[in-house]
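These notes are about the structure you will find just below.
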2 protein chains.
Amino acid sequence: MRIGQLAQLVGVETQTIRFYEQQGLLPPPDRQDNGYRVYTEKHGERLAFIRRCRILGLSLAEIHELQSYQDDPHQPCTAVNALLDDHISHVRSQITALQALEKQLVSLRASCNDDREVEACGVLAGISEGNMHQQ
Amino acid sequence: MRIGQLAQLVGVETQTIRFYEQQGLLPPPDRQDNGYRVYTEKHGERLAFIRRCRILGLSLAEIHELQSYQDDPHQPCTAVNALLDDHISHVRSQITALQALEKQLVSLRASCNDDREVEACGVLAGISEGNMHQQ
DNA sequence: ATTGACCTTATAGTAGCTTTATAGTTTTAA
DNA sequence: TTAAAACTATAAAGCTACTATAAGGTCAAT
């Protein structure tokens with residue numbers, strides 16, 4: 001299987017595959033005589049794993065960590081669960097922060113309507129005056 | 001006022017101030033004979049404005065846009081409000097996406113406990129099997 | 001023989017800084 | 001007075017996770 005086929009199979013761009021290889025997330029495949037990369041099913045599975053992790057919002061470093069656990073399958077999976085727990089609490093704090101931000105933005109927006117000049121704009125005044133909650 | 005004092009006043013690093021200047025967000029200040037930048041209160045206000053916008057999650061490009069409106073204060077402020085509306089809906093869709101992600105992560109986490117080996121880890125199996133909701 | 005589709009590497013661009021390197025200036029303490 | 005500490009300057013690289021571009025080699029079909 002060449003790089004283009006693998007890319008289409010998993011739904012990524014060829015450059016992304018080369019990038020993962022360069023980052024050490026995907027093992028370097030064998031090469032044909034002409035230098036073309038040749039992939040096996042194992043590569044396909046590994047690439048799909050990476051992509052699913054990315055969809056879950058894991059960083060490449062975290063994926064790397066997960067792979068290192070997979071390479072040593074007889075240790076307890078405590079660290080895997082801890083990694084996920086950390087990620088969940090990270091996502092939750094992002095949500096909390098964004099909700100607070102939304103509230104702030106909505107109240108800022110409410111301080112103006114469209115019938116004013118920039119000079120009298122409630123939104124710009126609101127930002128400029130700096131009566132904002134910290135963080 | 002020199003760059004270090006301004007930085008301390010507003011709570012940013014000196015490099016950030018130079019960076020904003022380079023990006024055209026902060027007007028180039030006068031220089032002393034030795035080349036040191038000399039800032040006025042206007043610079044302080046402008047920098048504080050930038051920082052508040054950043055806290056609100058606006059991009060440097062959006063801040064630039066807001067500044068261009070401020071520089072022409074007699075047009076209607078429709079565009080300012082539109083920019084904020086766009087930003088609010090952007091934040092809202094981020095929240096929605098993160099909430100869906102959280103749900104997915106929590107259900108994945110529920111498929112394992114800490115008393116297994118990596119080989120039998122429900123979390124890793126869940127990711128590998130790929131029974132994930134798209135997007 | 002040449003077009004088109006595929007592959008290769010290397011390099012730069014994205015956002016918003018932060019870090020590092022190297023060097024000149026000013027202030028302060030010995 | 002001098003030497004160290006603290007400040008300033010510029011330029012360039014690093015961060016994340018790719019994406020895009022450039023310049024070129026390979027292969028099948030026309």
Side-chain angles (χ1 to χ4, degrees), chain A residues 1-26 28-39 43 46-67 83 86-87 90-91 94 97 101 135, chain B residues 1-26 28-39 43 46-67 83 86-87 90-91 94 97 101 135:
Chain A
M1 192 193 258
R2 292 192 316 200
I3 197 168
Q5 294 170 277
L6 178 61
Q8 197 169 13
L9 190 69
V10 180
V12 299
E13 307 231 7
T14 55
Q15 300 103 311
T16 305
I17 296 176
R18 291 191 199 100
F19 172 72
Y20 288 155
E21 177 183 336
Q22 185 193 316
Q23 298 299 302
L25 287 170
L26 208 53
D30 287 342
R31 302 284 185 132
Q32 291 177 350
D33 291 347
N34 57 16
Y36 289 12
R37 289 170 176 82
V38 188
Y39 291 98
H43 287 99
R46 191 113 178 191
L47 180 54
F49 180 84
I50 295 170
R51 284 274 91 191
R52 288 191 214 105
C53 287
R54 291 293 301 133
I55 288 168
L56 293 174
L58 298 175
S59 70
L60 299 191
E62 288 168 326
I63 297 171
H64 207 84
E65 200 180 327
L66 286 184
Q67 288 183 340
L83 191 155
D86 282 355
H87 187 55
H90 180 231
V91 168
Q94 271 186 259
L101 179 59
Q135 234 92 23
Chain B
M1 193 194 259
R2 293 194 317 198
I3 197 167
Q5 294 170 278
L6 178 62
Q8 196 168 13
L9 190 70
V10 180
V12 298
E13 306 231 7
T14 55
Q15 300 102 310
T16 305
I17 296 176
R18 291 189 200 101
F19 172 73
Y20 288 155
E21 177 183 336
Q22 185 192 316
Q23 299 298 303
L25 286 170
L26 208 54
D30 288 341
R31 303 282 186 132
Q32 290 178 350
D33 292 347
N34 56 16
Y36 287 15
R37 290 170 176 84
V38 187
Y39 292 98
H43 288 99
R46 192 115 178 192
L47 180 54
F49 181 84
I50 295 170
R51 284 274 93 193
R52 287 190 214 105
C53 287
R54 293 292 301 132
I55 288 169
L56 293 174
L58 299 175
S59 69
L60 298 192
E62 288 169 324
I63 296 170
H64 208 82
E65 201 181 326
L66 285 184
Q67 287 183 341
L83 192 155
D86 283 355
H87 188 55
H90 180 232
V91 168
Q94 271 186 258
L101 178 60
Q135 234 94 23

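So you know, we letter chains A, B, ... as the sequences are listed, proteins then strands, and number each from 1.
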Does the side chain of [X] get closer than 4.0 angstrom to OP1 or OP2 of [N] through an N or O atom?
X: B:Arg31; N: D:dT10; value: yes
X: B:Tyr20; N: C:dC17; value: yes
X: A:Arg54; N: D:dC18; value: yes
X: A:Arg51; N: D:dC18; value: yes
X: B:Thr16; N: C:dT18; value: yes

B:Leu60 has its side chain closest, among D:dC7, C:dC6, C:dG16, to C:dG16

A:Arg37 has its side chain closest, among D:dT8, C:dC17, C:dT8, to C:dT8

Rounded to the nearest angstrom, tell me the gap between atom [atom1] in [X] and atom [atom2] in [N].
X: A:Met1; N: C:dC7; atom1: CE; atom2: P; value: 12 Å
X: B:Ile3; N: C:dT25; atom1: CD1; atom2: P; value: 17 Å
X: A:Gln15; N: C:dA12; atom1: CD; atom2: P; value: 17 Å
X: B:Leu58; N: C:dA15; atom1: CG; atom2: C1'; value: 14 Å
X: A:Glu13; N: C:dG13; atom1: CD; atom2: C1'; value: 15 Å
X: A:Phe19; N: C:dA12; atom1: CZ; atom2: P; value: 17 Å
X: A:Gln32; N: C:dC6; atom1: CD; atom2: C1'; value: 11 Å
X: B:Ile50; N: C:dC17; atom1: CD1; atom2: C1'; value: 13 Å

Original post:
Does some side-chain heavy atom of A:Ile63 sit less than 4.5 Å from a side-chain heavy atom of A:Cys53?
Top reply: yes

*Are side-chain heavy atoms of B:His64 and B:Leu25 found at a separation under 4.5 Å?*
yes

Assign each of B:Asn34 and A:Arg18 the nucleotide of DNA chain C bearing its closest heavy atom; nearer the 5' end lies the nucleotide of A:Arg18

Taking for B:Arg2 and for B:Ala61 the nucleotide of DNA chain C with the nearest heavy atom, the one nearer the 5' end belongs to B:Ala61

Between A:Gly4 and A:Thr14 the two heavy atoms that sit nearest each other are CA-CG2, 3.9 Å

Heavy-atom nearest pair, A:Leu56 first then B:Leu101, reads O-CD1, 3.5 Å

| Side-chain donor-acceptor contact under 3.5 Å, A:Tyr39 with A:Arg46 | no

